[in-house]
Amino acid sequence: MFGFLVGAAVFAAALFGFSFARQYTLKRLRFVDGIRNPVWPWAVGLVAALVAAPVAWILPFVGTGSAILFGAATALGSASGVKALRRGGE
């Protein structure tokens with residue numbers, strides 16, 4: 001049961017990272033020219049994983065894989081936001 005709750009918490013964190021990065025890209029970075037660089041989502045994902053790594057190190061039930069998953073979800077959310085900006089909508 002405890003493993004299921006931890007998995008649900010990790011999934012919720014990844015979903016939050018995806019949606020927050022996508023909305024931030026769509027709303028705040030709409031007029032930034034550098035956002036259209038293909039390196040941008042990778043950089044955002046790396047920074048998110050590095051920020052989540054100390055939290056994963058402190059909490060005993062959350063591992064490094066959770067930080068990597070959070071970074072990947074954030075990178076995918078940022079890439080999704082850039083793709084939506086290229087399409088011209090939300």
Side-chain angles (χ1 to χ4, degrees):
M1 183 70 175
F2 184 70
F4 177 74
L5 293 176
V6 170
V10 169
F11 179 75
L15 186 64
F16 171 77
F18 178 87
S19 63
F20 181 79
R22 186 174 196 281
Q23 288 302 317
Y24 191 83
T25 302
L26 285 173
K27 301 295 181 194
R28 305 266 177 155
L29 300 176
R30 178 179 298 268
F31 300 111
V32 176
D33 290 334
I35 191 111
R36 285 158 174 67
N37 189 347
V39 177
W40 177 256
W42 292 97
V44 169
L46 180 64
V47 169
L50 290 176
V51 168
V55 175
W57 182 71
I58 291 171
L59 297 175
F61 54 85
V62 178
T64 308
S66 302
I68 293 171
L69 182 66
F70 178 73
T74 306
L76 290 173
S78 178
S80 175
V82 170
K83 187 176 179 183
L85 285 175
R86 286 188 184 141
R87 282 193 316 248
E90 293 184 28

Enquirer: Are Phe11 and Leu69 grouped together when hydrophobic residues (ILVMFWY) are joined by side-chain heavy atoms under 4.5 angstrom apart?
Expert: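 Different clusters.
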Enquirer: Please indicate whether Arg28 has more than 12 foreign heavy atoms, meaning atoms of other residues, nucleotides or ligands, lying under 6.0 Å from its CZ.
Expert: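 Counting neighbours around CZ of Arg28, 12 or fewer heavy atoms of other residues, nucleotides or ligands fall under 6.0 Å, so no.
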Enquirer: At their closest point, which heavy atom of Ala73 faces which heavy atom of Ala14, and how far apart are they?
Expert: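 Of all heavy-atom pairs spanning Ala73 and Ala14, the closest is CB-O, 3.3 Å.
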Enquirer: Mark yes or no for whether Thr74, through its side chain, and Phe70, through its backbone, hold a donor-acceptor pair below 3.5 Å.
Expert: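 Yes; judged by distance alone, with no hydrogens or angles, the pair exists.
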Enquirer: What's the shortest heavy-atom distance between Pro54 and Val51, and which atoms?
Expert: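 Taking every non-hydrogen atom into account, CD-O, 3.2 Å.
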Enquirer: So which heavy atom on Pro41 is nearest to which on Ala75, and how close?
Expert: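 Minimum heavy-atom separation between Pro41 and Ala75: O-CB, 3.2 Å.
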Enquirer: Do you reckon Val6 sits in the same ILVMFWY cluster as Val55, going by side-chain contacts under 4.5 Å, direct or chained?
Expert: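 They do share one cluster, since a chain of ILVMFWY contacts under 4.5 Å joins Val6 to Val55.
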Enquirer: For the residue pair Leu85 and Thr25, establish whether any side-chain heavy-atom pair is separated by less than 4.5 Å.
Expert: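 Leu85 reaches Thr25 side chain to side chain.
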Enquirer: Please report the shortest heavy-atom distance between Gly71 and Ala48, naming the atom on each side.
Expert: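 In terms of heavy atoms, the two residues are closest at CA-CB, 4.1 Å.
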Enquirer: Out of curiosity, does Val39 fall in the hydrophobic cluster containing Leu29 (side-chain heavy atoms, cut-off under 4.5 Å, transitive links)?
Expert: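 Not linked; separate clusters.
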Enquirer: Does Arg36 offer a backbone N or O that forms a donor-acceptor pair with the side chain of Arg86 under 3.5 Å?
Expert: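 A pair under 3.5 Å: yes.
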Enquirer: Cluster question for you: counting only ILVMFWY and a side-chain heavy-atom cut-off of under 4.5 Å, with indirect links fine, are Val10 and Phe20 together?
Expert: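 Unlinked, Val10 and Phe20 end up in two clusters.
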Enquirer: Among the clusters formed by ILVMFWY side chains lying less than 4.5 Å apart, do Trp40 and Tyr24 turn up in the same one?
Expert: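 Yes, one cluster joins them.
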